[in-house]
There are 2 protein chains.
Amino acid sequence: MNTATTRGQLLSHAKVLIRQRGYNGFSYRDLAERVGVKTATIHYHFPCKDDLLIEAIDDYAADEAALMQGIDAALPAGERLSRYAELFYGTPTDQICLCGMLAADFASLSDRARQAVQSFYRTHERWLGNVVADGQRDGSLEWCGDAEAAGRYLFAAFQGTLMSSRLFQTPSRRHDVVASMRIQPRRD
Amino acid sequence: MNTATTRGQLLSHAKVLIRQRGYNGFSYRDLAERVGVKTATIHYHFPCKDDLLIEAIDDYAADEAALMQGIDAALPAGERLSRYAELFYGTPTDQICLCGMLAADFASLSDRARQAVQSFYRTHERWLGNVVADGQRDGSLEWCGDAEAAGRYLFAAFQGTLMSSRLFQTPSRRHDVVASMRIQPRRD
DNA sequence: GTCTATAAACAGATAGAC
DNA sequence: GTCTATCTGTTTATAGAC
């Protein structure tokens with residue numbers, strides 16, 4: 001996404017607006033004012049609101065996937081989990097995860113948008129599930145039970161924590177997820 | 001809340017609409033059609049949308065608090081936690097927690113509504129924190145670390161799990177929170 | 001590509017009859 | 001209490017000039 005172009009600026013601001021106010025909480029007018037164009041310009045680049053939404057999700061998902069895949073798979077699982085958590089810690093205090101917000105807006109979404117949000121969730125759940133499985137093997141994470149279920153559970157906990165950290169304006173709450181886990185120093 | 005009256009029906013349907021679509025996702029027209037009145041009737045009972053919202057939150061919070069306080073405090077903590085989880089399991093598959101939804105809609109809420117949502121969160125976080133503290137004492141819950149933080153964390157996990165269980169239309173996901181905890185049979 | 005102008009539907013809200 | 005009628009502003013979206 002090139003933020004130098006009008007199109008890139010529209011996408012960039014749209015992602016922020018969705019993360020702050022949700023899909024039904026912002027209008028083409030809001031977006032146009034922030035970028036400094038007229039609403040007709042948005043319609044030129046994104047004919048309808050759903051087109052804008054789909055591109056925003058894909059864009060966001062690609063960015064987050066890149067950050068996640070940037071975590072060295074050779075590290076002990078406990079360390080990888082800590083680094084994943086750090087990605088959350090950087091979230092602006094007035095925003096939540098774009099796909100966490102859209103999961104709340106589920107009823108208002110097109111089929112395509114729903115699938116994109118589900119795909120985002122699955123990608124992160126699977127990554128976390130693999131980390132837990134590795135942690136069970138290398139002993140760097142203490143977790144009894146199904147690693148796949150742990151991945152789903154951990155991702156839900158991250159999302160819920162991001163939500164309440166914004167609700168109370170207390171970024172420190174974001175540390176609750178990792179703090180609740182017993183991360184062990186590597187045994188080998 | 002008396003569901004026999006128009007006012008009660010309005011509140012009842014408003015709570016469902018908020019839990020399905022969020023505060024910005026439904027209109028007076030939507031609500032009027034469901035109840036079978038005209039929009040002016042809603043304005044008679046609830047002059048502006050924020051009045052309706054506040055009453056919906058208070059109403060919901062009172063109902064949930066009653067259910068929560070209905071859990072016998074004499075039970076072992078592990079059992080109390082399981083019963084709390086059962087309250088979540090009964091959520092209709094197209095809805096999430098009203099206050100979980102409004103936490104997402106945070107940016108669109110009045111100060112009063114924000115405070116009501118925060119109060120709901122605090123009540124449930126505190127209750128869960130007390131359960132964890134009791135569980136540490138009676139040995140029915142295995143949890144190392146601060147019980148208060150555990151309360152915040154568990155509530156966030158419940159909320160996040162409710163969200164993803166709706167996103168994927170898989171109610172079984174709601175079991176992930178309790179399944180992840182090591183609930184021990186009472187030692188005494 | 002971006003604009004002005006405009007459409008058509010919808011939003012929350014009010015006045016006043018019954 | 002509930003209605004009809006109406007107001008005022010906003011919404012997404014399109015047509016056509018530049």
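Proteins get letters first, then strands, A, B, ... in listed order; numbering begins at 1 in each.
Taking side-chain N and O atoms only, K49(B) has a distance below 4.0 Å to OP1 or OP2 of dG12(C). Under 4.0 angstrom from either OP1 or OP2 of dG1(C) there lies at least one side-chain N or O belonging to Y44(A). Under 4.0 angstrom from either OP1 or OP2 of dA13(D) there lies no side-chain N or O belonging to T39(A). Contact between the side-chain N/O atoms of T6(A) and the OP1/OP2 oxygens of dG1(C) is not found at any separation under 4.0 Å. In terms of phosphate contacts, H45(A) brings a side-chain nitrogen or oxygen within less than 4.0 Å of OP1 or OP2 of dT2(C). For dT10(D), neither phosphate oxygen OP1 nor OP2 lies less than 4.0 angstrom from any side-chain nitrogen or oxygen of S27(A).
Rounded to whole Å, atom C1' of dG12(C) lies 11 Å from atom CZ of F26(B). In this structure, Q9(A) places its CD atom 10 Å from P of dT2(C), rounding to the nearest Å. Going from atom CD1 of I42(B) over to atom P of dG12(C) covers 9 Å, rounded to whole Å. D51(A) places its CG atom 13 Å from the P atom of dT12(D), with the value rounded to the nearest Å. Following rounding to the nearest Å, R7(B) (CZ) and dT2(D) (P) show an atom-to-atom distance of 11 Å. Rounded to an integer number of Å, the gap from NE2 of H43(B) to P of dA13(C) is 5 Å. The separation between L52(A) atom CG and dA13(D) atom P is 10 Å, rounded to whole Å. What separates CG of N24(B) from P of dT12(D) is a distance of 11 Å, to the nearest Å.
S27(B) and D30(B) form a side-chain donor-acceptor contact under 3.5 Å, judged by distance and modelled atom types alone. For N24(A) and S108(A), the side-chain atoms include at least one donor-acceptor pair closer than 3.5 Å.
Salt-bridge formation is detected for the pair E55(B)/R7(B): a Lys NZ or Arg NE/NH1/NH2 atom is positioned less than 4.0 Å from an Asp or Glu carboxylate oxygen.
The side chain to side chain donor-acceptor pair (under 3.5 Å) with T170(B) is formed by just one residue from the set R173(B), R174(B), R166(B); it is R173(B).
At the heavy-atom level, Y28(A) lies under 4.0 Å from the strands shown only through sugar-phosphate atoms. Contact annotation for F46(B): no contact, since no heavy-atom pair falls under 4.0 Å across all strands.
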Residues D134(A), R80(A); criterion salt bridge (Lys or Arg N to Asp or Glu O under 4.0 Å); working and verdict: CA-CA 10 Å; D134(A) 288 350; R80(A) 274 189 282 156; 2.6 Å; yes

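Each of P47(A) and R29(A) was matched to the nucleotide of DNA chain D holding its nearest heavy atom; the match closer to the 5' end belongs to R29(A).
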